[in-house]
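See below for the structure under consideration.
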Amino acid sequence: MIFPKWTNQIPFLIPIGLALVGGAVAAGVTVYCTPKNTRVGYQPVQPVPFSHAVHAGQLGVDCRYCHSTVEKSWFSSIPAASTCMNCHSLILKDDPRLALVRESFTNNTPIPWVQVHIVPDYVYFNHSVHVARGFSCVECHGRVDQMDEVHHAKSLSMSFCLDCHRNPAAFIRPPGKVTDLGWQWSTNAAEAAKLQEVNGKNFVHDWRVESLQSCSACHR
Amino acid sequence: MRHLLYSILLIVAIAAAAFTIVGIPGHLSRKPPLEVFPDMDRQAKLRPAQPFDFFTNGLSSQLPPAGTVVRSSPVKTLNGEVYSYQDVPFNTGRVTGTTNFVALNPLPVGSALLQRGRGQFDIYCAPCHGGLGDGNGITKKLGVMPAVISLHDKRIIEMTDGEIFNTITHGKGLMGAYGPTVTAQDRWAIIAYTRALELSRLGSPDELSAEQRAALKK
């Protein structure tokens, strides 16, 4: 007998093994190689230990005090050192953590902040259309006002964008509340969902908010 | 059947090893995200505020060259339409050709301007001067910025609108400049709203109608 008896099972074992390996590879790719994992959680080390939890959360400074172009342009600006110095010329004025900010202010050199959220160059994004229409920062950036260091909270993948573009009524809120990240229609979850449904439909209808799904909306 | 069991165990072991090497999905990481085809993701074009060594200051965003003016649409003021480069009270807070401050807001004050002013005041002024303009913003409450003044001061009430415009635009004493971040139109809106805040404390019950007074007494 050249072949032992168990070799008779090989024709059955090969497909089973292939299925298991293929399944593992497919699962690994969907878990590890999609934006949900590659981007979410990205938290670079910033040159100055600036905390949104302190400034936007505890102090309650509005996002637009620092990101002042967010309502008017496609681009959301990162504040210049002079904006920090409005307060830090008096507060913590000799603190070593702020040395880079003071240096930037006096020498007019940029602070090398590391950009966290960035779409590929073939995608055209626009802040003002979203923010001015009543889509909050929290939908795309998470609870920044509770983060000490900013991290990437949402995937910002194409399906993420389309989930909202297909049904904006589920996300829209009064435009005055876009920078109030913890805002809800009501503290009662069931009631909030009902108000979102009713008001969302009305807002989308009354303000003629479009549901943009053609490729050229985002790829030009 | 033993072999099947062994192979399953082997796969589980490999998966466990993979998990320990690449980490639990979605956890915080200092590593920049992977870009599989970087030539499409990052094309040869400039984004604002990025490093770029073509210019001597190493930045992609440049200031406009001296002597150029911003292309913009005109703004309607009480004295006709004005552009951002003109020497008019709307842009400088001063009477054209002099250094005297204008007394009154060059924009027509109405509820739309006041609403806009309220929003902008709450963003840019409230952290220090407080939502009511009384100087009790969060920075004063924390005791870190005691110098903040109340906008209900007699001195500020008597100050011309033009001088307040100048203070917001260029800063004054310990207060920073807000000209770079707040547009001229919004600065005038803020001033209109500041005047409304001041009036709210200067009013007397005699100015109210009989019904309003009755409602107040309750």
Side-chain angles (χ1 to χ4, degrees), chain A residues 6 9 12-13 16-17 20-21 23-24 27-28 31-33 35-45 58-66 68-69 72-73 75 77-80 82-83 85-87 89-92 108-110 112-115 118-122 149 151-152 176 179, chain B residues 1-4 7-8 10-11 14-15 18 22-38 40-45 47-51 57-59 61 119-120 122-128 137-139 142 144-147 171 174-178 180-183:
Chain A
W6 63 266
Q9 292 172 356
F12 305 105
L13 286 178
I16 292 175
L20 283 174
V21 171
V31 172
Y32 284 109
C33 301
K36 272 205 192 71
N37 181 60
T38 55
R39 295 206 191 110
V40 172
Y42 174 45
Q43 186 181 47
V45 182
Q58 265 163 274
L59 298 177
V61 180
D62 193 283
C63 312
R64 289 163 289 184
Y65 184 92
C66 292
S68 52
T69 65
K72 301 163 210 148
S73 109
F75 171 65
S77 57
I78 297 290
S82 60
T83 304
M85 291 307 274
N86 284 339
C87 289
S89 56
L90 298 168
I91 302 165
L92 302 176
N108 213 2
T109 49
W113 300 112
V114 183
Q115 188 164 355
I118 184 162
V119 289
D121 281 349
Y122 54 79
E149 287 176 84
H151 67 256
H152 210 303
T179 55
Chain B
M1 276 338 263
R2 256 209 340 238
H3 299 281
L4 188 62
S7 25
I8 291 176
L10 188 71
I11 288 173
I14 292 174
V22 289
I24 299 145
H27 77 316
L28 296 184
S29 155
R30 297 294 191 189
K31 278 181 287 183
L34 178 79
E35 285 180 341
V36 183
F37 299 112
M40 281 300 282
D41 287 348
R42 300 296 154 224
Q43 301 162 11
K45 68 178 183 186
R47 287 165 168 268
Q50 293 293 314
N57 66 356
L59 275 180
S61 307
Q120 298 293 301
D122 287 348
I123 295 170
Y124 293 104
C125 316
C128 296
I138 180 78
T139 48
L142 287 176
V144 283
M145 226 174 169
L174 296 171
M175 176 173 144
Y178 288 81
T181 42
V182 189
T183 62

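Within every chain, numbering begins at 1; the chains are lettered A, B, ... in the order of the sequence lines, protein sequences first and strands thereafter. Remember, predicted model here, so these are calculated numbers, not experimental data.
Note that SG of Cys125(B) and OH of Tyr65(A) are 9.0 Å apart. Values are rounded to the nearest 0.5 Å. The line from NE2 of His152(A) to CG of Leu28(B) is 12.5 Å long, rounded to the nearest 0.5 Å. Note that CD of Gln58(A) is 8.5 Å distant from CD1 of Ile138(B), once rounded to the nearest 0.5 Å. A distance of 11.0 Å separates SG in Cys66(A) from CD1 in Ile123(B), rounded to the nearest 0.5 Å.
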Inset, instruction - For side chain to side chain contact (heavy atoms under 4.5 Å, CB included), just list the numbers for Gln50(B) and Gln115(A), CA-CA rounded to whole Å, side-chain angles, deciding distance to a tenth of an Å, and then say yes or no. - result: CA-CA 9 Å; Gln50(B) 293 293 314; Gln115(A) 188 164 355; 3.0 Å; yes
Inset, instruction - Please assess Asn86(A) against Tyr178(B) for the test side-chain hydrogen bond (donor to acceptor under 3.5 Å, both in side chains), listing each intermediate value before the final yes or no. - result: CA-CA 9 Å; Asn86(A) 284 339; Tyr178(B) 288 81; 3.3 Å; yes
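Open room surrounds CG on Asn108(A); 12 or fewer heavy atoms of other groups in view lie less than 6.0 Å from it.
At least one side-chain heavy atom of Asp41(B) sits under 4.5 Å from a side-chain heavy atom of Tyr122(A). Counting only heavy atoms from C-beta outward, the side chains of Leu174(B) and Leu90(A) approach each other to under 4.5 Å. Using a 4.5 Å heavy-atom cutoff, the side chains of Arg42(B) and Ile118(A) are in contact. Side-chain atoms of Ile8(B) and Leu20(A), non-hydrogen and from C-beta on, do get closer than 4.5 Å to each other.
The choice from Val114(A), Thr109(A), Val45(A), Val61(A) that makes the most heavy-atom pairs within less than 4.5 Å of chain B is Val45(A). Contact count against chain A (heavy-atom pairs under 4.5 Å) is highest for Arg47(B) among Arg47(B), Met145(B), Met175(B).
At a 4.5 Å heavy-atom cutoff, the contact between Tyr42(A) and chain B is made by backbone and side-chain atoms alike. Both the backbone and the side chain of Pro48(B) come within contact range of chain A, with heavy atoms under 4.5 Å apart. With a threshold of 4.5 angstrom between heavy atoms, Ala177(B) approaches chain A through N, CA, C or O but not through any side-chain atom. For chain B, the nearby part of Leu13(A) is the side chain; its heavy atoms alone come within less than 4.5 Å. Within the 4.5 angstrom heavy-atom criterion, atoms from both the backbone and the side chain of Val119(A) approach chain B. At a 4.5 Å heavy-atom cutoff, the contact between Pro32(B) and chain A is made by backbone and side-chain atoms alike.
Scanning all heavy atoms of the two residues, the minimum distance from Arg30(B) to Pro44(A) falls at NH1-O, 3.4 Å.
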